[in-house]
Amino acid sequence: MKKLFTFLFIGLTAVTISSCRSTHASTDNEFLTQGNWELETINGKPATDAGFANGVPTANFSIDLKITGKNGCNSYGGVYNLNTEGGINISKVYATRMFCPGDGEKQYMDALNAVNQAKINKDKLTLLTDVKEVLVFKHITE
């Protein structure tokens, strides 16, 4: 009888932990998809209009797991997914091909394609490559 109670306790604990993790991921996804995100820093440096031909990059994450935005020159899009450990995968990224001077667009797209972790705190979205912060966005509502 003691083994049965131990087995049930372990089983219920596992179910509780896994349901908490999925709730956390869905909460992050809900906040992530509300409004737009505007780039604040790229590779630790402030993102300014001067570094981008057509304004600071933006990102929009939709409920159907698509990312769209402006990369400082062109429009871009792709798909994303989040996991319960804070990981994010952004893939199938495409962009329009209008010519713009400077290298801000390339830096942004390179950083976006290297992202594999995400942290969401209040109105900040931090995208990381492993433990290095590469893109930090502020939440904007329209």
Problem set entry | Worked check of side chain to side chain contact (heavy atoms under 4.5 Å, CB included) between Leu125 and Phe31 | CA-CA 10 Å; Leu125 168 64; Phe31 185 72; over 6 Å; no

Seminar exercise, completed: Nearest heavy-atom approach of Asn60 to Gly35 is ND2-O, 3.7 Å

For this session: For residues Phe61 and Tyr80, establish whether the separation of their ring centroids is below 6.0 Å.
Result: yes

For this session: May I ask whether Tyr76 and Val56 are part of the same hydrophobic cluster, defined by side-chain heavy atoms of I, L, V, M, F, W, Y residues being less than 4.5 angstrom apart, directly or through others?
Result: yes

For this session: Would you sort out whether Leu128 and Val134 count as a side chain to side chain contact (heavy atoms under 4.5 Å, CB included), showing the intermediate values?
Result: CA-CA 5 Å; Leu128 306 98; Val134 291; 5.6 Å; no

Problem set entry | Derivation and outcome, side chain to side chain contact (heavy atoms under 4.5 Å, CB included), residues Ile67 and Val79 | CA-CA 6 Å; Ile67 179 175; Val79 296; over 6 Å; no

For this session: To the nearest 0.5 Å, tell me how far Glu30 CD sits from Ile120 CD1.
Result: 11.0 Å

Exercise. When rounded to the nearest 0.5 angstrom, what is the spacing between NZ in Lys138 and CD in Glu38?
Worked result: 4.5 Å

Exercise. Does a donor on one side chain and an acceptor on the other come within less than 3.5 Å for Asn116 and Asn89?
Worked result: no

Exercise. Looking at side-chain heavy atoms only, is the closest gap between Ile88 and Asn81 below 4.5 Å?
Worked result: no

Exercise. Heavy-atom distance under 4.5 Å between the side chains of Ser62 and Thr68, does that happen here?
Worked result: no

Exercise. Is there a side-chain contact between Thr129 and Gln117 (heavy atoms, below 4.5 Å)?
Worked result: no

Exercise. Does a donor on one side chain sit under 3.5 Å from an acceptor on the other, for Asn74 and Glu105?
Worked result: yes

Exercise. Is there side-chain contact between Leu112 and Leu135, with at least one heavy-atom pair below 4.5 Å?
Worked result: yes

Exercise. Taking atom SG of Cys73 and atom OH of Tyr108, what is their separation to the nearest 0.5 Å?
Worked result: 13.5 Å

For this session: Mind checking the CD-CD1 spacing from Gln107 to Ile42? Nearest 0.5 Å is all I need.
Result: 5.5 Å

Seminar exercise, completed: Between Phe52 and Gly104 the two heavy atoms that sit nearest each other are CE2-O, 3.2 Å

Exercise. Side-chain contact, heavy-atom cut-off 4.5 Å: Lys124 with Glu40?
Worked result: yes

For this session: List the steps and the verdict of side chain to side chain contact (heavy atoms under 4.5 Å, CB included) for Thr41 and Phe137.
Result: CA-CA 7 Å; Thr41 66; Phe137 293 87; over 6 Å; no

Exercise. With a cut-off of 6.0 Å (strictly less than), are more than 12 heavy atoms of other residues, nucleotides or ligands near NZ of Lys106?
Worked result: no

Exercise. Is Asn83 reaching over with its side chain to a backbone N or O of Gly86, donor-acceptor style, under 3.5 angstrom?
Worked result: yes

For this session: Measure the spacing between OG1 of Thr126 and CD of Glu133 and express it to the nearest 0.5 Å.
Result: 5.0 Å

Exercise. Can Val136 be reached from Trp37 by stepping across I, L, V, M, F, W or Y side chains whose heavy atoms are under 4.5 Å apart?
Worked result: no

Exercise. Looking only at heavy atoms, what is the nearest atom pair of Met109 and Ala95, with distance?
Worked result: CE-CB, 4.3 Å

Exercise. Counting N and O atoms only, with roles assigned by atom type, does the side chain of Thr96 sit under 3.5 Å from a partner on the main chain of Ser75, one being a donor and the other an acceptor?
Worked result: yes

Seminar exercise, completed: CG of Leu65 to CD1 of Ile90, rounded to nearest 0.5 Å, is 11.5 Å

For this session: Check whether the side chains of Lys70 and Thr58 place a donor and an acceptor atom closer than 3.5 Å, and report yes or no.
Result: no

